[in-house]
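For reference, the structure discussed in these notes is given below.
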Amino acid sequence: MSLKLGSIAPDFNQASTEGDISFHEWAGDGWVVFFSHPADFTPVCTSEFIAFQKMISKFKEQNCELLGLSVDSVFSHLAW
């Protein structure tokens, strides 16, 4: 399945650093930007997350949430 801008992503449940989420409930009626990163504890991952964190208020102003997708576990993220 491929998603395009404006598509409704399928609902899913996932463990996250904010606790368990049900995607559609978590996203509400706003937009979501999915982004991925290579791995925890890497320079690229760190710079990506810092860049998004610095812009989070601008995303919130546009009724948009950020969701980082990763191959690493929640435990790895919390340790990082």
Side-chain angles (χ1 to χ4, degrees):
M1 165 188 245
S2 75
L3 296 174
K4 297 180 181 172
L5 287 175
S7 296
I8 296 175
D11 197 18
F12 59 88
N13 294 310
Q14 184 63 49
S16 80
T17 54
E18 295 182 4
D20 292 338
I21 64 168
S22 172
F23 176 66
H24 284 180
E25 183 179 319
W26 174 84
D29 63 354
W31 293 91
V32 176
V33 172
F34 290 92
F35 65 97
S36 62
H37 63 97
D40 292 340
F41 304 100
T42 64
V44 171
C45 178
T46 303
S47 62
E48 287 175 349
F49 272 85
I50 289 171
F52 275 120
Q53 181 62 38
K54 287 181 178 178
M55 298 184 309
I56 199 162
S57 63
K58 299 212 181 276
F59 282 98
K60 296 268 187 194
E61 289 172 7
Q62 300 299 318
N63 193 30
C64 183
E65 296 287 345
L66 300 172
L67 185 63
L69 308 172
S70 175
V71 297
D72 294 317
S73 70
V74 171
F75 299 111
S76 178
H77 293 313
L78 294 173
W80 175 53

- Look at the side-chain heavy atoms of Ile, Leu, Val, Met, Phe, Trp and Tyr, link any pair under 4.5 Å apart, and say whether V33 and I56 land in one connected group. yes
- Message: Do L66 and M55 sit in one hydrophobic cluster, given that two such residues count as connected whenever their side-chain heavy atoms are within less than 4.5 Å of each other, even indirectly?
- Response: yes
- Task: Taking all non-hydrogen atoms of both residues into account, name the closest pair between H24 and D11 and its distance.
- Result: N-OD1, 2.9 Å
- Taking a hydrophobic cluster as the set of Ile, Leu, Val, Met, Phe, Trp and Tyr residues connected by side-chain heavy atoms closer than 4.5 Å, whether directly or through intermediates, do F34 and I21 fall within one such cluster? yes
- Task: Find out if a path of hydrophobic residues (ILVMFWY) with successive side-chain heavy-atom gaps under 4.5 Å connects W31 to I8.
- Result: no
- Query: If you look at every heavy atom in F23 and P10, which pair is closest and at what distance?
  - Reply: CD2-O, 3.8 Å
- Message: Filter on side-chain hydrogen bond (donor to acceptor under 3.5 Å, both in side chains), then keep only pairs touching residues 49-62, sequence neighbours left out; what's left?
- Response: K60-E65
